[in-house]
Amino acid sequence: MTEPFGFDTRAIHAGYQSDPATGDVMPPIHLSTTYQQDGIGGLRSGYEYTRGGNPTRDALQGLLAALEGGERAFAFASGLAAEDALLRALLKPGARIVMGNDVYGGTHRLVHRIHVPWGVVLETADLGDLDRVRDVIRRGETDVVWLETPSNPLMKITDIAALAEVAHAAGATVVVDNTFATPALQQPLALGADAVVHSVTKYLGGHSDVLGGAVVLPAGELAERVGFLQFATGGVAAPTDAWLTMRGIRTLGVRMERHSATAAVLAERLVGHPAVRQVLYPGLPTHPGHVIAARQMRLFGGMLSLRLAGGEPAARAFAESLRVFTLAESLGGVESLVNYPAEMTHASVRGTELEVPGDVVRLSVGLETADDLLTDVLDALEAVAGGPTS
Ligand SMILES: *Cc1c(COP(=O)(O)O)cnc(C)c1O
C-alpha cells in the first residue's frame, strides 16, 4: 500500500489487512514465541520462531517501509539496537565512517566506544559545510556518511540531496537518522539517502510509553544483511512494543502538524526576547539552514533549542523553572519536555568535539494548549532574568 495514497492514509492503513476470520481493524498482539509446523518444516505463512518473524512486528515493519518510501523495514528493541545492526551490516575493521559533529550523543558513543575499538575509523565533521564535506569524504576510503537533520540539540540543517551526491560520488553509503523530522515531514530515501534509521521511542511512538528503533531501506543486499543481523543478534522489537508503535503512528501526521505549529509560535515569540541570546529553529527565516529545510521538510517540526543570554546559570535555572514543560530526557511525546543537554542527553559527549554549550536548553514542544506553553516559557524566562523582561 504505497502509491497513489497520501501519507496519512498510509499511516492509518499500511502494514495490516484485517484478518478474514474476525474482521479486526487493528492487528492482534501475537505473543506466541513459536509456531506449529504442519509436518517438519511445514511453516504457515513462514512463521517458525518469533525472533525470526512475528506477525505484529511484520505489520509494523510493513507500515514503516510504506511511510519512508522504502521496501524493507526492520524493527528493533531500541533506536541504538537498530543503529548497531545497520552499522555492523555496513562496516568492518578498517572501514571509515564520517558522522555529523552534532549527532545524538548515544550514536557517537556507540561508534566511538564499540565500533572504533573493533577497528572502524571514525571522523566527525560539520556536514552542513559541503566544501568541508568534500575534503573529509575521500573517494574509495569512506564507507559510510551518517547524518541527522535537524540535528540534536543545535538544530543544524544538512542538505540531504547535496550531501548524498557528494557521498555517492566517493562511493559512500548515506544513512539519515530521521528521528527528529519523521517521515511525515522529511523523506530521506526520496532525497537520495541509502538507509534511514529511527528511534521510534520519540515521535513515531509519540506517547513516551514505548522504546524502539527501526532501519528502513530499499530492497537489496544491504537489506538482506540487516535482516540477517536482526535475526542472528536478536535485538528485535517485542510484539507489544511493535503494537504500541503502530498505534502511535496512526496519528503521526496530525501530531506533527500541531507540534510544528506550536513550536513555530514559541520560536517567533522568543526571537528578540532579552533573556534569549538565540532561538535555534529551522522554521525561522534567520536560521542559516532555513532555505534548505523549507525545500526538504514539509513543516519544521516540534524541536526547538534556546541559547540563554545569562549563560549556563540561566539555562539551568530556566530548565528547572518551567511548570508545564517537564524536566526529562527524550522527546517527541504528546507532553512537552525540557532538557539540559550538557548534563542530560549529551553528558556522554562532554570533552569531545560534540560537547554541547552550557547555555543551551532543548524544548520538545508537545500538544498542550499553545498559550499555556508560551506563558510557561515566558514566566520561566522572567524568573531567570530576575524580573519582567519584556
Ligand atoms: C533517542 C535517539 C536515538 C536513540 O534511540 P533509543 O530508542 O533511545 O535507543 C537515536 N537518534 C536520535 C536522534 C535520538 O533522539
Side-chain angles (χ1 to χ4, degrees), residues 60 64 68 73-88 97 99-115 124 127 144 146-158 160 175-186 188 193 195-216 230 233-238 240-242 244-245 248-249 252 256 259 280 282 297 301-305 328-333 337-341 344-349 354 356 360 362-366:
L60 170 62
L64 289 166
E68 284 287 1
F74 301 96
F76 289 84
S78 71
L80 285 175
E83 293 183 15
D84 186 46
L86 180 60
L87 287 162
R88 290 197 217 196
I97 178 170
M99 284 175 45
N101 63 1
D102 58 350
V103 296
Y104 176 71
T107 302
H108 181 264
R109 179 180 55 208
L110 170 65
V111 177
H112 182 63
R113 302 272 301 270
I114 307 284
H115 293 268
T124 52
L127 297 182
V144 176
W146 187 290
L147 69 117
E148 265 175 54
T149 180
S151 73
N152 175 16
L154 299 178
M155 306 302 297
K156 288 193 201 156
I157 298 296
T158 297
I160 298 173
V175 179
V176 176
D177 181 335
N178 205 26
T179 299
F180 266 40
T182 85
L185 306 188
Q186 176 173 279
V196 169
V197 294
H198 277 285
S199 170
V200 310
T201 314
K202 315 297 167 49
Y203 285 108
L204 298 189
H207 297 74
S208 305
D209 56 8
V210 60
L211 184 76
V215 179
V216 189
Q230 182 195 40
T233 66
V236 292
T240 307
D241 293 351
L244 278 170
T245 306
I249 289 174
L252 181 65
M256 292 314 293
H259 284 300
L280 306 174
M297 299 177 78
M303 298 303 298
L304 145 83
S305 292
E329 300 209 357
S330 201
L331 60 109
L337 300 178
V338 57
N339 163 47
Y340 182 64
M344 292 170 61
T345 49
H346 289 63
S348 73
V349 293
L354 282 75
V356 178
V360 175
R362 187 188 78 186
L363 300 176
S364 173
V365 179

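Residues: numbered from 1 along the sequence shown. Ligands are counted one by one from 1 in listed order, and the atoms in each one are counted from 1 as well.
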Original post:
What heavy-atom pair brings H259 and G332 nearest, and what distance separates the two atoms?
Top reply: NE2-O, 4.2 Å
Subject >> Atom of V200, atom of A214 and distance for their closest heavy-atom approach >> reply: CG1-CB, 4.1 Å
**OP:** Check whether any side-chain N or O of S305 sits under 3.5 Å from a backbone N or O of P153 as a donor-acceptor pair, and report yes or no.
**Re:** yes
Original post:
If every non-hydrogen atom of L331 is compared with every non-hydrogen atom of L337, which pair is closest and at what distance?
Top reply: N-CD1, 4.0 Å
Subject >> Backbone of A73 reached by a side-chain donor or acceptor of E68 within 3.5 Å >> reply: no
Acceptor/donor pairs from residues 75-84 side chains to any protein atom, 3.5 angstrom cut, sequence neighbours excluded:
from	atom 1	to	atom 2	distance (Å)
S78	OG	L80	N	3.4
S78	OG	A81	N	3.0
E83	OE1	T107	OG1	2.8
E83	OE2	T107	OG1	3.2
D84	OD1	H115	NE2	2.8
D84	OD2	R88	NE	3.1
D84	OD2	R88	NH2	2.9

**OP:** Can you tell me which residues line ligand 1 if we count any heavy atom under 4.0 angstrom from one of its atoms, in chain and number order?
**Re:** S78, G79, L80, E83, Y104, E148, D177, T179, S199, T201, K202, L211, G212, L331
